[in-house]
Amino acid sequence: MAKKIRLGIIGGGGDSLIGVLHRVASHINDNYQIVGGVFNPVFEMNMEFAKEIDVPTNRIYKDFDTLIEEELKLPKEERMQVCSVLTPNFLHFPMAKKLLDNGFHVICEKPMTTTLEEAKILLEAHKKAGTVFAVTHTYTGYPMVRQMREMIKEGALGSIHKVDARYYQGWINTIIHDKEKRSSVWRLDPKKAGISSCMGDIGVHAFNLIEYTTGLQVKSLLCDFNYLYEDNQMDVDGTVLIRMGDHVKGVIRGSQVATGEENGLAIRIYGEKAAFVWEQERPNFLYKLSDTEPTQIYKPGHGYNSKLSLDGTKLPPGHPEGIFDSMANIYLGAARAIRGEDYNDGEFPTMLDGVRGLNFIEATVQSNKEGNVWVNME
Ligand SMILES: NC(=O)c1ccc[n+]([C@@H]2O[C@H](COP(=O)([O-])OP(=O)(O)OC[C@H]3O[C@@H](n4cnc5c(N)ncnc54)[C@H](O)[C@@H]3O)[C@@H](O)[C@H]2O)c1
């Protein structure tokens, strides 16, 4: 058994949403050991949390800069090899940049940065560093999402003509209608979240899922945002028309005020021969629709699935695996890359996906701002 990869975690404290997903995912395939980090900007909370989850406190640092400084003093064979950046969005860029500049591998939450300009600077830093950079578009790790990608690549749908991705949540309803709350949540603060709430937080996942599964790129888009109060004009809802080719068109529908919706990410891809339908809340069922044959349901773990899909399941068919396993698959791909082993480029989203994400977010904001006009992506 190869030695475990030494992982540091920045953000993702006991008070966070995403920390537990990364911690559990990093352990699932036995590849990583969490050796330290900065879980929280308040040192006492940071230490308390480290004790709670049994991470040795000698490498829990008071802040990110101290982490870099102290880790660099350690011999290479003890030093953190990779750091996961799980902080609010505005901290991703400075932290990821400094990690790359100092030779660390990085696993970074989305959106990768808050501007396209920062994303491009990071891309240059990444080229210089030559280390591994994974962006956690979690949903690409699901076996049935991987199966869609592989079957589309092999021509199962024929030429694609329509794509419909939606990501509907309702949780901001509990915040947006309260003046005090809507002014204190970081996701609704452009200084901390970046220029978009709905598209930056969830629309970008739907966009990534489209490009990941179809292998096509969005070339231009037209966007219409909605916000509910004049004193907070961050988009909490939006509809985006997309063009991926002369006759390949579609729509991305995002909402954080879709009342009663939970984590409703879903994609429909229609081609000349067949269509795929997949929903995140029922991730183990991939529907293949046809005009001439009965609907087929693909499920994880069966021998009929692709190598990439099967690599993402650990138990025989019928043992449901979910979001923790999906994130674990991204960590597994990153581990292979860090160890210099062979891996499939569908195993984890990279820096290039991060740059595309920022290009998408900025294009939606520009389109909406200029009066719902078509905007070309780079
Ligand atoms: N991949 C996904 O599906 C997914 C899902 C949810 C969130 N996210 C992303 O994860 C990131 C975090 O989101 P969240 O919902 O967990 O946020 P959160 O507000 O719940 O948690 C943020 C954590 O970062 C810590 N933190 C803040 N400033 C820090 C600093 N200077 N140093 C160290 N720690 C610091 C906070 O103490 C907290 O523990 C965001 O970028 C978000 O977009 C991704």
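Indexing begins at 1, ligand by ligand and atom by atom, following the structure's order.
No option in Tyr287, Tyr298, Tyr142 other than Tyr142 meets the ring pair (Phe, Tyr, Trp, His ring centres under 6.0 Å) test with Trp278.
Counted by atom type alone, Ser290 and Thr292 present one or more donor-acceptor pairs between their side chains at under 3.5 Å.
Within the set Arg187, Glu109, Lys62, Gln280, the minimum heavy-atom distance to atom 14 (P) of ligand 1 is found for Arg187. Looking at Asn40, Val42, Leu17, Ile323 and measuring to atom 37 (O) of ligand 1, the nearest heavy atom belongs to Asn40. Evaluated by nearest non-hydrogen atom to atom 28 (N) of ligand 1, the leading choice among Leu91, Thr138, Asn263 is Leu91.
Seen from the ring of Phe207, Arg356 does not count as a face-on cation partner, given the 6.0 Å and 45° thresholds.
An N or O contact shorter than 3.5 Å links Gly13 to ligand 1 by distance. Between Pro88 and ligand 1, not a single N/O pair is under 3.5 Å apart.
Each of the following atoms of ligand 1 lies closer than 4.0 Å to a heavy atom of His205: 1 (N), 2 (C), 3 (O). Every atom of ligand 1 is numbered from 1 in the order shown, and the set under 4.0 Å from a heavy atom of His92 is 41 (O). For ligand 1, the atoms lying closer than 4.0 Å to a non-hydrogen atom of Thr136 are 1 (N). Less than 4.0 angstrom separates some heavy atom of Gly11 from each of these atoms of ligand 1: 24 (O), 25 (C), 33 (C), 34 (N). Listed by number with element, the atoms of ligand 1 under 4.0 angstrom from any heavy atom of Phe39 are 25 (C), 34 (N), 37 (O), 39 (O). Here is the list of ligand 1 atoms found below 4.0 Å of a heavy atom in Val38: 33 (C), 34 (N). Residue-ligand proximity, Asp201 to ligand 1, at heavy-atom distances under 4.0 Å covers atoms 43 (O).
When side chains are defined from C-beta on, Val106 does not count as touching Val82, because their heavy atoms never get closer than 4.5 Å.
Ranking the protein heavy atoms by distance from atom 23 (C) of ligand 1 puts Gly12 N, 3.6 Å first. Counting protein heavy atoms only, atom 26 (N) of ligand 1 is closest to Pro41 CD, 3.6 Å. Given atom 11 (C) of ligand 1, the protein heavy atom at minimum distance is Thr87 O, 3.4 Å. Nearest protein heavy-atom contact of atom 6 (C) of ligand 1 is Ile18 CD1, 3.4 Å.
The pair Lys97-Asp101 counts as a salt bridge, with a side-chain nitrogen and a carboxylate oxygen less than 4.0 angstrom apart. Asp345 has a carboxylate O that lies under 4.0 Å from a charged side-chain N of Arg149, or vice versa, which qualifies the two as a salt bridge. Ion pairing of Arg336 with Asp311 is present here, as a side-chain N (NZ or NE/NH1/NH2) and a carboxylate O approach within less than 4.0 Å. Glu78 has no carboxylate O lying under 4.0 Å from a charged side-chain N of Lys73, or vice versa, which leaves the two without a salt bridge.
Proximity of a side-chain donor or acceptor of Thr350 to a complementary backbone N or O of Ala134 within less than 3.5 Å is not detected.
Of the heavy atoms in Asp63, none comes closer than 4.0 Å to ligand 1.
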